Amino acid sequence: MSSDDIRGTRLEKASQLRELGFNPYAYRWEVTHHAATLQAAYADLAPGEEVETQVSVAGRVMNRRVFGKLAFFTLQDETGTIQLYLDKGKIEAGMADVDADAFAHLKQLSDAGDIFGAKGTIKRTEKGELSVSVSQYAILTKSLQPLPDKWHGLTDVEKRYRQRYVDLIVNPEVRETFRRRALITAAIRRYLSDRNFIEIETPVLQSEAGGADARPFVTYHNTLEMDLYLRIATELHLKRLVVGGFEKVFELGRVFRNEGISTRHNPEFTTIEVYWAYGDYHDMMTLTEELVTYPATEVLDTLKISYQGQDIDLTPPWRRVTMHDAVLEQTGLDFTAFQTLEDAKAAAKAAGIVGAENCASMGHLLNEAFEQKVEATLIQPTFVTDYPVEISPLAKPHRSKPGLVERFELFMVGRETANGFSELTDPVDQRDRLEAQAARKAAGDLEAHSVDQDFIMALEYGMPPTVGMGMGIDRLVMVLTDSASIRDVIAFPLLKPERHEEKPEEKPGEEDK
RNA sequence: GGGUGACUGGCGCAAUGGCAGCGCAUCGGACUCUUAAUCCGUUGGUUCUGGGUUCGAAUCCCAGGUCACCCA
């Protein structure tokens, strides 16, 4: 039977329900209990025993096992599953005033996938399954689409992403991942709130994207007749708030980068940025540890986790190593010893650094060596510190190491997960660095941006010494839920639309830029 | 951007270049303790799309689409 036939049959069942006086798309059901609470409360009920407590449950029928005068349905709600024990005599007695043939109609008009409400008492069947022994039921929502194979489920990854609702219906572990994601972000907000950080929302639509090196999405405001950019970071506005007098601010929200898609990149993703006046990057490393260990402890109840088969120990304090030392360890290259860039390039090339000859500065070369030879080795949580100024346009110069800035990045399972630094507060220095960026943009660098003059103006009013940090929430959730792909922690990841040849899409006023 | 692979009823999967098939679900029937219920019967296909080779294509070739993995 084709899906259209199945749908037609179910539409017919819906219309039969209407003729019987039941709305197949009901308004309300009084729910008194959920599956998990019942399973826990009656864990000790012995097989064959019944309790006269009245309960009312609701959820989706996942499976039907129907006999002549008895039926068993598996009902799934948000918390889990519980069986409905549907006895012909009991139902006909319980629903005599509304439907004399309630049991026959149950068999004829219900399907796996329907949303059900059921009232009754608690019973553990003789075979040991905790059940609601139903006296009254209602089909609250008639499902028109068949569920996937009840044993094999839905495994096609493309269909799982395109029809996430089906994935969620049939794959409990997917629901658990998104439940954990919500608990993790709630824990982070609670932790910061308890320490008097406040969350302030900054604009998504901006006349100039900034705060990171990334290509922005462009959109258009009709009445202002101007291009606007979707934010690529929340940094520059949160710092304005610090100038304005907020000492502890953060924003946990979505940013947008017009770049490639991979198992670790989605065009829209979630970051948290935290700014803390009067602190420096040492303080922020400690706070960053806690922003990972607190949700891990709250949600997983452990700091020893497994990620894709690797054991990860989140117990603080985490290793802190300078970028110079990390590169020295992995490559033997001592970047403090090179006299000229040419010497360094030659040594780097000999050490197998690809593209060394194209690096514009010692700092870029050091970073290249780090990315190629060190990053992937940083499995356990590690803070890499003291970055070259050339790749850190918003960070404050290191108080004792010329050419470096007071910056750290957090690595876990070989991936950058957070980035923080003592913020550059000198408006003159900041203007110089942003103008250098703007020159790169003028030279054709699509990831560089113009000078945000208002941001410079804010700094000229004076920003207190401040440390800031940004962390990728999706990557953190991946680690804490043992998810291999970012698409497994984003409910609706971006996918290309499927193109159907028979439906030529009409494209009125198509405007390609 | 490059490479490799996948795509067949609603779902999960078969099919040496030779009649497109199986399980679940559906539909009809039997059944008061099932757990992927069981038993009997039944319907459902533009094999991702478009071309080509061939007497004959799910299968081989070319182009395109979507997804996955690896690389940049």
Side-chain angles (χ1 to χ4, degrees), chain A residues 1-13 16 35 39 46-50 61-76 80-93 103-104 106-114 123-134 143-167 169-171 215 259-266 308 353-355 358 368 371-372 375-376 446 484-488 493-505:
Chain A
M1 178 165 287
S2 75
S3 63
D4 277 353
D5 292 339
I6 291 173
R7 183 168 177 278
T9 303
R10 293 197 176 190
L11 279 171
E12 177 57 30
K13 290 176 179 177
Q16 287 181 41
Q39 297 284 4
E49 281 193 39
E50 300 194 38
V61 174
M62 298 303 290
N63 200 354
R64 303 162 78 238
R65 294 175 291 279
V66 180
F67 296 75
K69 296 173 182 170
L70 181 68
F72 302 92
F73 286 10
T74 302
L75 190 78
Q76 172 175 281
T81 63
I82 188 160
Q83 181 169 265
L84 301 183
Y85 177 93
L86 299 144
D87 177 283
K88 182 171 189 281
K90 182 164 180 173
I91 285 173
E92 287 179 352
F103 188 78
L106 173 80
K107 289 206 289 183
Q108 287 164 11
L109 303 179
S110 75
D111 288 287
D114 291 348
K123 164 194 177 92
R124 189 174 292 281
T125 63
E126 288 164 23
K127 295 290 168 61
E129 189 71 33
L130 188 69
S131 309
V132 174
S133 178
V134 177
S143 169
L144 302 183
Q145 298 291 337
L147 291 177
D149 187 293
K150 63 187 170 191
W151 186 243
H152 299 97
L154 183 69
T155 59
D156 183 301
V157 286
E158 184 175 354
K159 214 151 271 173
R160 286 185 46 225
Y161 295 145
R162 286 194 193 279
Q163 294 188 280
R164 179 71 89 182
Y165 40 91
V166 181
D167 190 27
I169 289 169
V170 299
N171 293 320
R215 292 186 66 173
E259 295 169 350
I261 296 176
S262 77
T263 49
R264 288 176 295 281
H265 300 86
N266 195 62
Q308 305 293 299
I353 312 299
V354 180
N358 298 327
E368 201 61 42
E371 288 185 355
Q372 288 183 33
E375 265 195 37
L446 296 168
S485 167
I486 196 168
R487 288 180 155 175
D488 294 327
L494 185 71
L495 296 174
K496 287 193 200 175
E498 289 175 297
R499 281 213 291 191
H500 298 287
E501 305 287 333
E502 66 274 17
K503 289 179 188 169
E505 290 168 38

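Chain letters run A, B, ... following the sequence lines, proteins first and then strands; every chain starts at 1. Since this is a predicted model, take the numbers as computed values, not measurements.
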Picking from B:C67, B:C33, B:U35, the nucleotide nearest the side-chain atoms of A:Glu129 would be B:U35
Item to complete: Name the nucleic acid region contacted by A:Gly260, choosing base, sugar-phosphate or nothing; use a 4.0 angstrom heavy-atom cut-off, strictly under.
Response: nothing
Note to self: Is it true that A:Tyr165 and A:Gln163 share a donor-acceptor pair across their side chains at a distance under 3.5 Å?
What the structure shows: yes
Rounded to whole Å, the CZ-C1' distance (A:Arg7 to B:C27) equals 18 Å
Query raised in the report: With no angle test and no hydrogens, is the base of B:C67 tied to the side chain of A:Tyr161 by a donor-acceptor pair under 3.5 Å?
Result: no
A:Thr125 has its side chain closest, among B:C67, B:C33, B:C27, to B:C33
Exercise for the section: Let me see the working for A:Asp488 and A:Tyr161 under side-chain contact (heavy atoms from CB on, under 4.5 Å), right down to the final yes or no. Expected result: CA-CA 8 Å; A:Asp488 294 327; A:Tyr161 295 145; 3.0 Å; yes
Here the gap from A:Leu130 atom CG to A:Glu49 atom CD, rounded to the nearest 0.5 Å, amounts to 11.5 Å
Within the 4.0 Å heavy-atom criterion, would you say A:Lys88 contacts the bases, only the backbone, or no part of the nucleic acid?
nothing
Rounded to whole Å, CD of A:Gln108 lies from P of B:A30 at a distance of 11 Å
Quick check: any donor-acceptor pair below 3.5 Å linking the side-chain of A:Asp87 to the base of B:U32? yes
Margin query: Looking at A:Asp149 and B:G23, is any side-chain donor or acceptor paired with a base atom of the opposite kind under 3.5 Å?
Written below: yes
Which of B:C11, B:G12, B:C33 is nearest the side chain of A:Lys159? It is B:C11
Output for pair (A:Leu75 CG, A:Thr81 OG1), nearest 0.5 Å, gives 8.5 Å
Atom NE2 of A:His152 and atom C1' of B:C11 are separated, to the nearest Å, by 10 Å
Which of B:G10, B:G12, B:C33 is nearest the side chain of A:Pro146? It is B:G10
Would you mind classifying the nucleic acid contact of A:Gln145 as base, sugar-phosphate or nothing, using non-hydrogen atoms under 4.0 angstrom? nothing
- Message: Using a 4.0 Å heavy-atom cut-off, does A:Ser131 contact any base of the nucleic acid, only the sugar-phosphate backbone, or nothing at all?
- Response: nothing
NA contact type, A:Arg162, heavy-atom cut-off 4.0 Å: base, sugar-phosphate, or nothing? sugar-phosphate
Polar atom pairs (N or O), protein with nucleotides 70-72 of chain B, under 3.5 Å:
none

Looking only at B:C11, B:C67, B:C33, the nucleotide nearest the A:Val157 side chain is B:C67
Whole-Å distance, A:Leu147 CG to B:G12 P, equals 13 Å
Polar-atom pairs under 3.5 Å, protein N or O versus N or O of nucleotides 37-39 of chain B: list them with distances, or write none.
{"from": "B:A37", "atom 1": "OP1", "to": "A:Asn63", "atom 2": "OD1", "distance (Å)": "3.1"}
{"from": "B:A37", "atom 1": "OP1", "to": "A:Lys150", "atom 2": "NZ", "distance (Å)": "2.2"}
{"from": "B:A37", "atom 1": "OP2", "to": "A:Asn63", "atom 2": "OD1", "distance (Å)": "3.2"}
{"from": "B:A37", "atom 1": "OP2", "to": "A:Asn63", "atom 2": "ND2", "distance (Å)": "2.1"}
{"from": "B:A37", "atom 1": "OP2", "to": "A:Arg65", "atom 2": "NH1", "distance (Å)": "3.2"}
{"from": "B:A37", "atom 1": "N6", "to": "A:Val66", "atom 2": "O", "distance (Å)": "3.3"}

message = What's A:Lys13 touching, base or sugar-phosphate or nothing? Going by heavy atoms closer than 4.0 Å.
response = sugar-phosphate
Any salt bridge linking A:Asp4 with A:Arg7? Criterion: basic side-chain nitrogen under 4.0 Å from a carboxylate oxygen. no
Of A:Glu158 and A:Tyr85, the one whose nearest nucleotide on RNA chain B sits closer to the 5' end is A:Tyr85
Side-chain contact check for A:Lys496: nearest option of B:C33, B:C27, B:U66 is B:U66
From NZ of A:Lys107 across to C1' of B:G29 the rounded distance in Å is 10 Å
Here the distance between atom P of B:C27 and atom CD1 of A:Ile6, to the nearest Å, is 8 Å
